[in-house]
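One structure is given here, and the rest of the page talks about it.
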Amino acid sequence: MTDVINKGRVLIFDTTLRDGEQSPGATMTHDEKLEIAELLDDMGVDIIEAGFPIASEGDFKAVSEISERSKNSVICGLARANFKDIDRCAEAVRSAARPRIHTFIGTSPLHRAIPNLTMDEMAEKIHETVTHARNLVDNVQWSPMDATRTEWDYLCRVIEIAIKAGATTINIPDTVGYTAPAESADLIKRLIETVPGADEVIFATHCHNDLGMATANSLAAVAGGARQIECTINGLGERAGNTALEEVVMALKVRNDIMPWTTGVDTKKIMHISRRVATVSGFNVQFNKAIVGKNAFAHESGIHQDGMLKNKETFEIMRPEDVGLSGTSLPLGKHSGRAALRDKLNTLGFEVGDNQLKDLFVRFKELADRKKEVFDDDIIALMRSGENAESDHLQLVSMKVVCGTGGPAEATVEMEIDGEDLTAVESGDGPVDASFKAIRKLYPNTARLQLYQVNAVTEGTDAQATVSVRLEEDGIIATGESANTDTVVASAKAYINALNRVIVRRGKVGEGVDTREISYKDVT
């Protein structure tokens, strides 16, 4: 007996555990398959294609245990068009409350040539194998592999044979991602209108993403009359992948005005299962992937961030909460504007005036030009900026360091000392040592380095390094700190900042300055 279906509802057939796992390198362990199947069952997926039972003992065991554990979903196994495959599949799904056998054969000229079958021989094989499957279970799905490249008359003929043999679902695979949306819709529509008995079965669509049109083709097929979409989490699958479950489900939800169909999938669980599948399969989700990518609800452009702060619907057609996220992300980068920076500062607990924001924004832009993304800790480091460098006795103008395996490092340092530009070149045991020696050459001093410490403010190879330097001279202890994406530059600035504090403590410059202040923090 066929699945009872409301014509206004689309069944979601997830094949992450079968087609998805066929991605090279995406093999999952037994326990991981059970976990993903449980998540799919819980989120309301109608049919779970749990595996290819004949492929291995492991696949058979996984399909069998998933069948035993499933509470809601139809559990399906895949089988080629032969009795041995079908029998093994039936045995694997036997304990499922709602078992399904999915059997297939390639019907295009290219695929018929592989087993060297004539059209008539293949037609007979389809009749025999679908009949055999239907004698084992009530729910049988049949697929003419490479349907979109199969001759029209022959496609109609074999679909009619499969329906008469007992298939309850006819799946039309675009096996190589060859078709286009208009063709996809027209094909399903014509098959339903042409093939006898088509109105008594469910038509399904299985689209690959070789040309980047899998989701569009699947939705077009639904417009043409299909009522089952085959898909995978994150679009995982052979070659360029399959239709992504999250994309079709959210498209039906968001564009209900022109696609008035519903699904039983709980969209709030999408993000969780997406991340879990990415972890167990080893296939990370690209940042700009629709719905589940890191940037799907992230806005860096200043214009976009300003619009989002005023009205989220300005640049978002769905709510991040609908897929299980806590909210929108406004990552800061070189395209961000003052509104986003002020909002971030307020979020972090800082209230700044217009003039302070103007100064901070300039330094933020300088930092953003050197980093791909500016994190919260980077902003905090900016806010911890101390005195204005213009009042310092010593200022770094520029520096260049050459280092490597060929010999000692060499540093060229240009400094402004009391308004005069001076340059020195020194070599040393590494770039930091060479830089410090050049600074001491330009500004001779007897201060002894007590502490040199480097910490990363944020993660990644472009993270800001925070360098702390503590100097001691004749009982005077002064600390300098600087943060920069270049560790050597941060080191030189921290050293110069500490020297400036030593000078202040000596009382040689900076009248009126509290000489008890021994810490200076400069962030650029």
Side-chain angles (χ1 to χ4, degrees), residues 1-3 13 15 18-19 49 52-55 76-90 93 100-179 183-184 186-208 221 224-228 230:
M1 217 177 151
T2 188
D3 284 339
F13 177 111
T15 183
R18 198 276 300 170
D19 199 333
E49 189 165 50
F52 198 168
I54 198 70
C76 176
L78 185 68
R80 291 167 298 187
N82 64 68
F83 288 2
K84 184 178 179 180
D85 272 37
I86 292 169
D87 289 343
R88 189 65 166 163
C89 185
V93 300
R100 175 184 290 193
I101 293 174
H102 176 195
T103 183
F104 72 98
I105 194 168
T107 56
S108 70
L110 286 168
H111 284 265
R112 290 199 304 269
I114 294 173
N116 195 26
L117 293 175
T118 67
M119 287 184 170
D120 288 342
E121 289 170 339
M122 180 168 283
E124 180 61 27
K125 191 176 186 69
I126 291 167
H127 172 75
E128 292 175 352
T129 52
V130 173
T131 299
H132 184 67
R134 183 57 191 268
N135 286 335
L136 297 173
V137 296
D138 288 338
N139 192 333
V140 175
Q141 175 170 314
W142 179 75
S143 295
M145 187 165 63
D146 205 20
T148 55
R149 295 192 296 175
T150 300
E151 304 95 321
W152 168 252
D153 289 341
Y154 188 63
L155 183 62
C156 290
R157 176 186 172 188
V158 291
I159 289 174
E160 182 180 0
I161 289 171
I163 292 173
K164 288 181 177 179
T168 53
T169 298
I170 300 296
N171 177 47
I172 306 299
D174 183 24
T175 303
V176 292
Y178 177 76
T179 196
E183 295 172 323
S184 181
D186 183 62
L187 178 59
I188 297 293
K189 182 174 183 293
R190 289 174 64 205
L191 287 172
I192 293 174
E193 291 173 347
T194 305
V195 177
D199 59 337
E200 299 175 4
V201 300
I202 296 167
F203 270 78
T205 180
H206 180 114
C207 300
H208 280 262
R227 287 299 175 266
Q228 176 180 298
E230 302 205 355

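Computed from a predicted model, the values in this text were never measured in an experiment.
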Quick one: closest heavy-atom pair of [X] and [Y], and the distance?
X: P53; Y: G77; answer: CD-CA, 4.2 Å
X: I188; Y: A204; answer: CD1-O, 4.3 Å
X: W152; Y: T194; answer: CZ2-OG1, 3.7 Å
X: A198; Y: L191; answer: CB-O, 3.9 Å
X: C76; Y: H102; answer: SG-CB, 3.4 Å

Checklist entry - In terms of side-chain geometry, is the basic nitrogen of K125 or E121 positioned less than 4.0 Å from the acidic oxygen of its partner? => result no

For a 4.5 angstrom cut-off between non-hydrogen side-chain atoms, does [X] reach [Y]?
X: F104; Y: R80; result: yes
X: I54; Y: K84; result: yes
X: L155; Y: L187; result: yes
X: I86; Y: T129; result: yes
X: H132; Y: D87; result: yes
X: I163; Y: I170; result: yes
X: I126; Y: I105; result: yes

Does [X] use its side chain to pair, donor to acceptor, with the backbone of [Y] at less than 3.5 Å?
X: R134; Y: G166; answer: yes
X: D174; Y: T148; answer: no
X: R100; Y: V140; answer: no
X: Y154; Y: M119; answer: yes
X: S108; Y: R149; answer: no

Item to check | Option from V201, T150, I172 for which side chain to side chain contact (heavy atoms under 4.5 Å, CB included) with I159 holds | outcome: I172

Can you measure from [atom1] ([X]) to [atom2] ([Y]) and round to the nearest 0.5 angstrom?
X: I161; Y: M122; atom1: CD1; atom2: CE; value: 11.0 Å
X: M145; Y: L110; atom1: CE; atom2: CG; value: 10.5 Å
X: I202; Y: Q228; atom1: CD1; atom2: CD; value: 6.5 Å
X: W142; Y: N171; atom1: CH2; atom2: CG; value: 10.0 Å
X: C207; Y: E230; atom1: SG; atom2: CD; value: 9.5 Å
X: L78; Y: I101; atom1: CG; atom2: CD1; value: 11.0 Å

Checklist entry - Which of these, D19, T15, T175, sits in a side chain to side chain donor-acceptor pair (under 3.5 Å) with H206? => result D19

Next on the checklist: What verdict does the salt bridge (Lys or Arg N to Asp or Glu O under 4.0 Å) test give for R157 and D120, after you've listed the backbone C-alpha separation in whole Å, the side-chain angles of each residue and the deciding distance to 0.1 Å?
Outcome noted: CA-CA 10 Å; R157 176 186 172 188; D120 288 342; 2.8 Å; yes

Next on the checklist: Using salt bridge (Lys or Arg N to Asp or Glu O under 4.0 Å), reason through R112 and E151 one step at a time and then give a plain yes or no.
Outcome noted: CA-CA 12 Å; R112 290 199 304 269; E151 304 95 321; 2.8 Å; yes

Checklist entry - Do the side-chain N and O atoms of E49 and Q141 include a donor-acceptor pair separated by under 3.5 angstrom? => result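 Note: E49 and Q141 side chains miss the donor-acceptor criterion.
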
